[in-house]
Number of protein chains: 2
Amino acid sequence: MERAIRYSQKRADILAAIQGTDCHPSAEWVYQQLKPSHPGLSLGTVYRNLIFFRQQGLIQSVGVVGGQERFDGTLTPHSHFVCDSCGSVLDLPGIHPDGDLDQTVSRQYGLSVQRHELTFHGLCQSCAQSQSNQSDQNNKEETSA
Amino acid sequence: MERAIRYSQKRADILAAIQGTDCHPSAEWVYQQLKPSHPGLSLGTVYRNLIFFRQQGLIQSVGVVGGQERFDGTLTPHSHFVCDSCGSVLDLPGIHPDGDLDQTVSRQYGLSVQRHELTFHGLCQSCAQSQSNQSDQNNKEETSA
DNA sequence: CTCATTAACAGTAGTAATTCTTATTACTGT
DNA sequence: ACAGTAATAAGAATTACTACTGTTAATGAG
């Protein structure tokens, strides 16, 4: 009597695409990634399945970066780093606050906390480097002007 | 010679609206709030000033909740709680990880971390209550059917 | 004060991400 | 094979936000 959940090839491949990368993809990224092997794939199908997977607890959302929601196939507790320049997202496996923090907040504030997100912002290595190069250039231009 | 930054009444009132509430408003909220006293206010002006204030370091962004960016006039380090049901945002003044965490992550991963966000998700008190009531109702309906 | 400059603004048109709708296809149990 | 329904494609609709254009008004020099 209960509704059967069907796992089509597309659905499976969408999930595999997220779980098989560490780049924390957006819906658009998954769509572009699978389009060659699934010419008839619709962007709406990707969105629908991402929501479906999140409901099922198979993936989690990292949050919105540059106006696009980013997803993560890794479920073990870990933090994220977002480069505010290029928008890349990195896992920080070793960094996570005390596991009882959700409980603590729930008790202290009378809430029903289910999860938390710890996200660091700044510049990734390559962006920090190119930015310092650029400021070097600017200094040169300023001094030469 | 240098360009003067002008503080119009509207600009001041937009800032005051954010700093005078603890509801972590969206641009739309500020617009609706000020419309009665500023009939000729444009939503674009609100957006432009929110970006301006963030650049000036007068406010910060809490992140995107339900597709809308939410802002915070409190600058002291603190965490947030987001109700995934009604979208309300609460400050958690007592909750924040070690202040050296940014430095630790920077060194450990070779990044240039500038800040971090610790956000808890779950249900607020009223939503947790109404949700349990609703499930009670559902149970009644199921058993009576 | 007068006038030139220009930041700030309103109004509007546009953009991009996401969601919704509808018709169709494909799977599942009988 | 057939009925019922989950899954899908295509694209329209929605929504938050941004860019553009002409106007208003604050600033500062003469």
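The model shown is predicted, which means the values in this text are computed figures rather than measured ones. All chains are named by letter (A, B, ...) in the order of the sequence lines, taking the proteins before the strands, and each is independently numbered beginning at 1.
Listed by chain and number, the residues in a ring-ring contact (aromatic ring centres under 6.0 Å, His included) with His78(B) are His80(B) (sequence neighbours excluded). Under the salt bridge (Lys or Arg N to Asp or Glu O under 4.0 Å) criterion, Asp22(A) pairs with no residue, sequence neighbours left out. For the side chain to side chain contact (heavy atoms under 4.5 Å, CB included) test, residues two or more places apart in sequence or in another chain that qualify with Cys23(B) are Thr21(B), Pro25(B), Trp29(B). Considering only residues two or more places apart in sequence or on other chains, Val65(B) meets the side chain to side chain contact (heavy atoms under 4.5 Å, CB included) condition with Arg70(B), Val82(B), Val89(B).
When distances run from any side-chain atom of Arg11(A) to the nucleotides dA16(D), dA9(D), dA7(D), the shortest one goes to dA7(D). The side chain of Ser42(A) lies closest to dA10(D), out of dC9(C), dT8(D), dA10(D).
The salt bridge (charged side-chain N to carboxylate O under 4.0 Å, His left out) contacts involving residues 45-57 of chain B comprise Arg54(B)-Glu69(B), where partners must be two or more places apart or lie in separate chains. Residue pairs meeting the salt bridge (charged side-chain N to carboxylate O under 4.0 Å, His left out) criterion with at least one member in residues 108-126 of chain B, sequence neighbours excluded, are Asp84(A)-Arg115(B), Arg115(B)-Glu117(B). Each salt bridge (charged side-chain N to carboxylate O under 4.0 Å, His left out) pair with one or both residues in residues 31-40 of chain A, not counting sequence neighbours, would appear here, but there are none.
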If you restrict it to nitrogen or oxygen atoms, what contacts under 3.5 Å exist between nucleotides 20-29 of chain D and the protein, and what is each distance?
none

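Between Lys10(A) and the phosphate of dA26(C), there is no side-chain N or O to OP1/OP2 separation shorter than 4.0 Å.
Other members of a hydrophobic cluster containing Leu75(A) are absent, since no ILVMFWY side chain comes under 4.5 Å of it, directly or through relayed contacts. Clustering of Ile, Leu, Val, Met, Phe, Trp and Tyr side chains at separations under 4.5 Å places Val64(B) together with Val64(A).
Between Leu41(A) atom CG and dG11(D) atom C1' there is a gap of 15 Å when expressed in whole angstrom units. Rounded to a whole Å, the OH atom of Tyr47(B) is 18 Å from the P atom of dT15(C). With rounding to whole Å, Phe52(A) atom CZ is found 6 Å from dA7(D) atom P.
In the region residues 58-73 of chain A, proximity to DNA chain C at under 4.0 angstrom, judged on heavy atoms, holds for Gly67(A), Gln68(A), Glu69(A). At a non-hydrogen distance threshold of 4.0 Å, nothing from residues 12-32 of chain A comes into contact with DNA chain C.
Residue contacts for Ile51(B): at a heavy-atom cut-off of 4.0 Å it reaches the sugar-phosphate backbone alone, with no base atom in range.
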